[in-house]
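Quantities reported herein were computed from a predicted structural model and do not represent experimental measurements.
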Amino acid sequence: MGVYNNLQSTRQQCPTLSHALISNSCLCIPSSMTTVAYRFFYALVFLTGLVLSACHGVYRAESAKPDLFKLVKLFPSDAYPSTTFDASIIASSVLDVSHGKPRIIVPVSNGTIAALDAETGALAWQLNAPTPAGQQAQLISTPVVIGNRLVILYQCLAKGVRTSHRLAVIDLAKQQIDDSFPVLTFAAEQTTADGKATVSFNPPTAYSHAALKHISRPGLQHGLVYAAFGNASDVQPFHGWVFEIDLDAWQQQGSQSAIRHVLLTTPEAECPVKMEYGTQEMICGGGVWVPAGPLITQTGDDVDLFIPTGNGQVDLARHDYANALMRVKPGLQFDAGCDAVLCTAFNPLNPDPACLSSCKNLFIPRLAAGNAPIKPPYHECDDKDFWECLAWMDYDLGANAPIKINLKNGRAVLVQAGKDGGAYLIDAEQLGIQYDRLQIAQLCGSPTDLCKLSWAGMIVTQPVQTIVDDEPVVVIPTFSADNTNVAGLVALKIVQETGLPKFKPFWQFPDAKHPEALHMFRSHPSFPVLTTHLGRQHDAIIWITDIGSHGTVYGIRAKDGTLVAQHSLQGTGRQLSMPLIVGDKLYLASILPKTGKAMIEAYRIQALE
């Protein structure tokens, strides 16, 4: 997975960008926001007269002159200096409307939870995650808002060692820890596939990075929350864990009754690694560390959780599911659904394509017909097959969250990106069927240009989707820590060829031929967010922050890749963080380059006449 906590790019701000128009696209939904948060946000929007559309819009290729925008600073400013924090803001901020007006909830990595006035940035209140005496809190996972409550996931450290992982509830209306939910300390024990041993949840080698997720369920007042774990820097031995927490049982019966079900991705009691860290040996691992959290889709009462896992051990017979995409239902009981005959002699280094395609609830990545082999520029994989290379280079699938797209012919597909720079097109019903794989980012570095972050890969994000002329379009941010390869936003159409869905390159920002393309997106950017409510035309716009000593916010029109907004930040911005848009206001985490202090920068998105 690599360590993202303090990663900063030293790239200076790029000048105004030129780019070539390739085609047109549209629409958006900020897919990581929860259903409950939207309900309360929409209520606020109705009361205040703001308009925020988060539904699918359909655009035609005939484009009017685009609306252009400027960002007007709200805070920090001379009038509103805003609040700064000594520790980084790694988790994404969320919206609180429990007091009838918006507040920005800022989860700071040292366990401080702060509520800022959305207009001024003034501190409304703050509290600290409860820890044992003498220990420190570390909060990396994005919390989730459920009604007037905020659920936070954090870890407690003593002398730098994680001693426990905890879940707590904050009453946003009362601005205090909700004692009706006693602080929960995670613990679990699962049996191995053969039933001969057990695997215990081990706090020192577990790490919570994935965003918390919430679903409502019939018969439950508060619903279920999902918390996921991998490990920092892939220090061995470790596993992937997902916990299902019953909020009603937690409140009514105490924390000892809260954990309802547990999923263990690599149920191995022994992890005989020779390397202290990393998953190059393909042993154990399978961490669930995807920053955006698992994808949850819901139709009526039917819920699917799509859980991407990191590198490690893959063995169908032993129920080891590293570097894969797993689908489970509430209850977290997993059955890969692979054909027993086709998968009898499963070889993790060279799996049978027929076996992989037979799996109903499991996707294992592979090259598509016509794909060139993965060949890093320093020959690390010259003697390795595709799966060994993914493990050796730390190009795990589990860095990225998928999105689900419903096609007009009734078929549904998933788009899953990988750290290897590939985009995978998967059947959403039979996960084993891979329709396409397209290399959208070249491998970082060249024989004469050292990749500065080889462990980081080229994609860590969750794509967003649009529709143009009745054809779906996905937009995927890429990056490259070198001076050789182009990076930025890549838009792909999903088209039909011989009756099957395929990727078709659509547009790219910045244009690959422009020299500035080799200076932009040199490290992980923020996550992308799309809006459909701004300007006269209500075009879909992608908002993303490119990290630098002074980061840059870009607004890109989704229907054609046109640059409609660009603004230099006071601070660096924050990688792997989701910008928050409330009405016409944009909020994003940032770091002051001279002091290292963290803050929230806020801007009004103003249309130019």
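- Side-chain contact check for H533 versus I581: some heavy-atom pair is nearer than 4.5 Å.
- A salt bridge between K597 and D86 is present, with a side-chain N of the basic residue lying under 4.0 Å from a carboxylate O of the acidic one.
- Between H524 and F479, the ring-plane angle classifies as tilted under the 30° and 60° cut-offs.
- Residue pairs meeting the ring-ring contact (aromatic ring centres under 6.0 Å, His included) criterion with at least one member in residues 97-132, sequence neighbours excluded, do not occur.
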H165 and Y154: CA distance, side-chain angles, deciding distance, ring-ring contact (aromatic ring centres under 6.0 Å, His included) verdict = CA-CA 6 Å; H165 296 264; Y154 60 100; 9.4 Å; no
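- Put simply, the side chain of S88 never gets that close to the backbone of I90: no donor and acceptor are under 3.5 Å apart.
- Among the candidates R103, K585, K101, the single residue satisfying the salt bridge (Lys or Arg N to Asp or Glu O under 4.0 Å) test with E119 is K585.
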ask   = ring-ring contact (aromatic ring centres under 6.0 Å, His included) between H209 and F229: does it pass, once the steps are laid out?
value = CA-CA 7 Å; H209 196 171; F229 296 86; over 10 Å; no
task = List the steps, then state whether side-chain hydrogen bond (donor to acceptor under 3.5 Å, both in side chains) holds for Q155 with S208.
result = CA-CA 7 Å; Q155 40 225 358; S208 54; 3.3 Å; yes
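- In this structure, the side chain of S82 does not engage the main chain of P76 through any donor-acceptor pair within 3.5 Å.
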key: Pair N202-R162, side-chain hydrogen bond (donor to acceptor under 3.5 Å, both in side chains): steps then yes or no   = CA-CA 9 Å; N202 185 38; R162 292 184 290 279; over 6 Å; no
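- Using a 4.0 Å cut-off between a side-chain N of Lys or Arg and a carboxylate O of Asp or Glu, K452 and D482 do not qualify as a salt bridge.
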